[in-house]
Amino acid sequence: MTIRRLLIANRGEIAVRIVRACRGLGIESILAAADPDLRSTAARLADRTVRIGAVRSYLDVERIVAAARLTGAEAIHPGYGFLAENPALPRACEAAGIGFVGPTAEQLEAVGDKLRARSHALAAGLPVVPGGEVPDTAAGAALARELGFPLLIKAVGGGGGRGMKRVDDSAALEAAMATAMAEARGAFGDARLYLERYVLGGRHVEVQLLGDGEGVIHLGERDCSVQRRYQKLVEEAPAPGLDPELRARIHEAAVRFGEHLGYRGAGTVEFLVAAGDFHFLEMNARIQVEHPVTEAVTGIDLVEQQIAIAEGRPLALTQEDVRLTGHAIECRINAEDDDFRPSPGTVRRAAFPVGPGIRVDTHLARGADVPPFYDSLLAKLIVSGADRAEALDRLDGALARCTVEGVATNLAFHARVVAHPEFRTGGVDTAWLSSS
Amino acid sequence: MDLSPEDVAEILRAIDGAEVDELRLETARFRLELRRTGAGWVQESEVLGEPEIVELEVEEDGPATAAGWAPVDGLHDVLAPLPGTFYRATDPGAPPLVEVGDEVDEDTVVGLLETMKLFNSVHAGVRGTVAEFCVANAATAEQGAVLVRVRPA
């Protein structure tokens, strides 16, 4: 299949990113936009925009497929979030004879449920963090005795950092499990929980994969350890100071996992790296927010690759074709104030740096609405250099040249993170941000 | 057609060596401003072309607006502190937190408001009886919209 017309079922910066990829490939771009986004940058850039209705329409499989049918789109790109990892979308696409830019429904199911993903990891011979499912608080208490504290409560249906809770002692366990169960039922429609040993001093390292259903290659790793409440804020590639032998083992484990699934599409295998060892965390079966850092160090356009794979083409790249050069760092610029509270509103002015080694992915412009209904990502600033020192140097100047007026942003926060001596040294762990 | 980031980079290369500190381009389709600062170049851009919109036929209610609800004598208005999505229950399967006729006090949670993926509790703010819901479950509310009305005791 050749895709000549693609429906983009997303919004914000990733919708802009995909429209631009379409333009580069000569594909007609059709944006599915909910009412708050009808005049967004992505809507203005896309060849056409389908109005799909109210705020939550991005989560409506029927509407998205109907929008593709109405406009004669041959395939749907779900971006990240919303329906990206919902197997119902590829199923509905298949029934409607429309292509899906992403993995198969079975692969989404295999990794969408954390317990199932964990058993696939074990089957593929990957190390997992000690833990298991806990049907009730009594089972939780028994497993907690085995695992010791601190530990993490995770929602089986969670992901992307949502549905996790750290518990430091047995006294707090029962109440935390009850809350987590209620939250998980509300947020994911699945109250199941599992407990995992909390690995102290762990770094979040993830490996970018591309697969065509036959073979799988990796595009190196990203370090996403700078997190607040399990939400990534700064990502970089390669992971600073990672032992080369350990790095190679992590890459190899990720590829093995992808091969085990017969993976098709772009995906990311996440690992926790601590004390010279690593454990499988989860797989994200979609394009990720932080994909540009990988693009910066490989020169490979991941969205183009996704589209080629969705067209049924075999991977045009071999592992040997993937060359990693230099270093790249991304800062997620969010609409939130100094206390991390969301800050929706209307942008009066948005100015960003431009120059060698600087990329800004954003949907912001003067007059743009930042609606309160969606996540708070405004822009991604990605800098790259011949090495980490040059990238950091560029990042300092680039951050200073970002101006967003009209909504509060975390730009000042990023300036503090990037200036911190421990971040400059590199290799901070996931607890670093909250402890410093 | 707008300017791609590659186009902007090319323009920048052309003017970087010249004695130019500012460039403004505006057409019917886009606006681009490039400005030289001490730390390097800054850009402001905007896509001006109007979107070409195709309508998909859907049926639904619009968001509640702050203006749509006149005050009612003797009733206390519980307002949306932020714009967001209003929920009457903590999870989709659960019964509503309160129903019309329920007795509440100042701190009773009468609903949840989701703003940018953060959930905030909505409190009754007054002791009394729930009189009416002005926003349906899972509907969007503008900031200052009346969510619930309470008849003070």
Side-chain angles (χ1 to χ4, degrees), chain A residues 20 23-24 30-33 35 38-41 43-57 63 66-67 70-71 182-183 185-187 189 335-336 341-344 349-356 358-360 365-367 371-376 396-398 400-401 403, chain B residues 1-2 4-6 8-9 11-13 16 29-31 33-35 37-63 82-85 87 89-94 112-120 138-143:
Chain A
R20 290 204 193 280
R23 199 160 277 175
I30 316 272
L31 181 75
D35 291 339
L38 284 177
R39 299 176 59 79
S40 63
T41 299
R44 290 169 193 275
L45 281 174
D47 292 311
R48 277 189 291 163
T49 294
V50 188
R51 175 182 173 270
I52 53 170
V55 167
R56 294 166 64 79
S57 307
R63 278 190 199 182
L70 179 71
T71 52
E183 283 178 4
R185 197 185 298 118
E336 54 194 27
R341 281 185 305 235
S343 171
R349 202 171 146 241
F352 294 104
V354 56
I358 297 172
R359 165 176 170 182
V360 178
R366 183 174 67 178
F373 316 113
Y374 306 111
D375 74 33
S376 60
D396 294 334
R401 283 182 281 153
T403 310
Chain B
M1 181 63 91
D2 73 312
S4 70
E6 293 73 29
V8 175
I11 294 171
L12 199 65
R13 273 196 294 276
D16 192 38
R29 303 280 301 173
F30 67 86
R31 181 179 73 91
E33 284 184 36
L34 291 169
R35 216 171 38 252
T37 71
W41 288 90
V42 167
Q43 75 159 323
E44 266 182 72
S45 58
E46 201 177 333
V47 187
L48 300 173
E50 287 298 313
E52 192 187 319
I53 295 173
V54 184
E55 295 279 336
L56 182 71
E57 275 187 40
V58 292
E59 277 178 31
E60 59 208 349
D61 307 328
L82 289 167
T85 307
Y87 294 99
T90 49
D91 71 67
L112 298 172
L113 195 66
E114 181 193 5
T115 305
M116 287 178 160
K117 293 188 176 173
L118 281 185
F119 285 85
N120 288 294
T140 54
E142 292 179 4
Q143 185 165 19

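Each chain gets a letter, A, B and so on, in the order the sequences are listed, and its residues count up from 1.
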A.B. asks: Between A:R349 and B:E44, is there a salt bridge with N-O shorter than 4.0 Å?
C.D. replies: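 Here B:E44 pairs with A:R349 in a salt bridge, since their nearest N and O are under 4.0 Å apart.
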A.B. asks: Is it the backbone or the side chain of A:R20 that comes under 4.5 Å from a heavy atom of chain B, or both, or neither?
C.D. replies: side chain
A.B. asks: Answer with side chain, backbone, both or neither: which region of B:I53 has an atom nearer than 4.5 Å to a non-hydrogen atom of chain A?
C.D. replies: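 Both backbone and side chain.
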A.B. asks: So which part of A:V354 gets closer than 4.5 Å to some heavy atom of chain B, the side chain, the backbone, both or neither?
C.D. replies: both
A.B. asks: With respect to chain B, which residue among A:R63, A:R359, A:R48 yields the maximal number of heavy-atom pairs within a distance under 4.5 Å?
C.D. replies: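 Result: the option with the highest number of such pairs is A:R63.
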A.B. asks: Which region of A:A335, side chain (C-beta onward) or backbone (N, CA, C, O), has a non-hydrogen atom less than 4.5 Å from a non-hydrogen atom of chain B, or is it both or neither?
C.D. replies: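 Both parts, heavy atoms under 4.5 Å.
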A.B. asks: Where on A:L70 is there a heavy atom nearer than 4.5 Å to chain B: the side chain, the backbone, both, or neither?
C.D. replies: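 Only the side chain of A:L70 comes within 4.5 Å of chain B.
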A.B. asks: Using non-hydrogen atoms only, which part of B:R13 is less than 4.5 Å away from chain A: side chain, backbone, both, or neither?
C.D. replies: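 It is neither, since no heavy atom gets under 4.5 Å.
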A.B. asks: Might you point out which heavy atoms bring B:G49 and A:R44 nearest each other, and give the distance in Å?
C.D. replies: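 Shortest heavy-atom separation between B:G49 and A:R44 comes out as O-CG, 3.1 Å.
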A.B. asks: Considering residues at least two apart in sequence or located in another chain, which fulfil the side chain to side chain contact (heavy atoms under 4.5 Å, CB included) criterion with B:S45?
C.D. replies: B:L32, B:Q43
A.B. asks: Of the non-hydrogen atoms in A:P353 and A:V360, which two are nearest, and what is the gap between them?
C.D. replies: O-CG2, 3.9 Å
A.B. asks: Report the residues that fulfil side chain to side chain contact (heavy atoms under 4.5 Å, CB included) with B:L48, sequence neighbours left out, ordered by chain and then residue number.
C.D. replies: B:E26, B:R31, B:E46
A.B. asks: After noting the C-alpha distance and the side-chain angles of B:E33 and B:R35, does the key distance pass the side-chain contact (heavy atoms from CB on, under 4.5 Å) rule?
C.D. replies: CA-CA 7 Å; B:E33 284 184 36; B:R35 216 171 38 252; 4.0 Å; yes
A.B. asks: Side chain, backbone, both or neither: which part of A:P356 has an atom under 4.5 Å from a heavy atom of chain B?
C.D. replies: neither
A.B. asks: When you look at A:D35 and A:R51, which way does the side-chain contact (heavy atoms from CB on, under 4.5 Å) test go after all the steps?
C.D. replies: CA-CA 7 Å; A:D35 291 339; A:R51 175 182 173 270; 2.8 Å; yes
A.B. asks: Work out which heavy atom in A:R401 is nearest to a heavy atom in B:G40; give both atom names and the distance.
C.D. replies: NH1-C, 3.2 Å
A.B. asks: Between A:A400 and chain B, which part of the residue has a heavy atom less than 4.5 Å away: side chain, backbone, both or neither?
C.D. replies: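 No part of it gets close to chain B.
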A.B. asks: Looking only at non-hydrogen atoms, find the nearest pair between A:A33 and A:T49 and report the distance.
C.D. replies: CB-CG2, 3.7 Å
A.B. asks: A:L38 versus chain B, heavy atoms under 4.5 Å apart: side chain, backbone, both or neither?
C.D. replies: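 Contact with chain B is through both the backbone and side chain of A:L38.
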A.B. asks: Could you look at A:S40 and say if it's the side chain, the backbone, both or neither that has a heavy atom under 4.5 Å from chain B?
C.D. replies: neither
A.B. asks: Between chain A and each of B:P5, B:A9, B:A39, count heavy-atom pairs under 4.5 Å; write down the option with the most.
C.D. replies: B:A39
A.B. asks: Could you look at B:V42 and say if it's the side chain, the backbone, both or neither that has a heavy atom under 4.5 Å from chain A?
C.D. replies: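 Looking at B:V42, backbone and side chain both touch chain A.
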A.B. asks: Where on A:D47 is there a heavy atom nearer than 4.5 Å to chain B: the side chain, the backbone, both, or neither?
C.D. replies: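 Backbone only.
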A.B. asks: Inspect the contact between A:E336 and A:R341 and indicate whether a charged nitrogen and a carboxylate oxygen are less than 4.0 angstrom apart.
C.D. replies: no
A.B. asks: For chain A, which of B:P83, B:G38, B:S4, B:A138 has the most heavy-atom pairs under 4.5 Å?
C.D. replies: B:P83
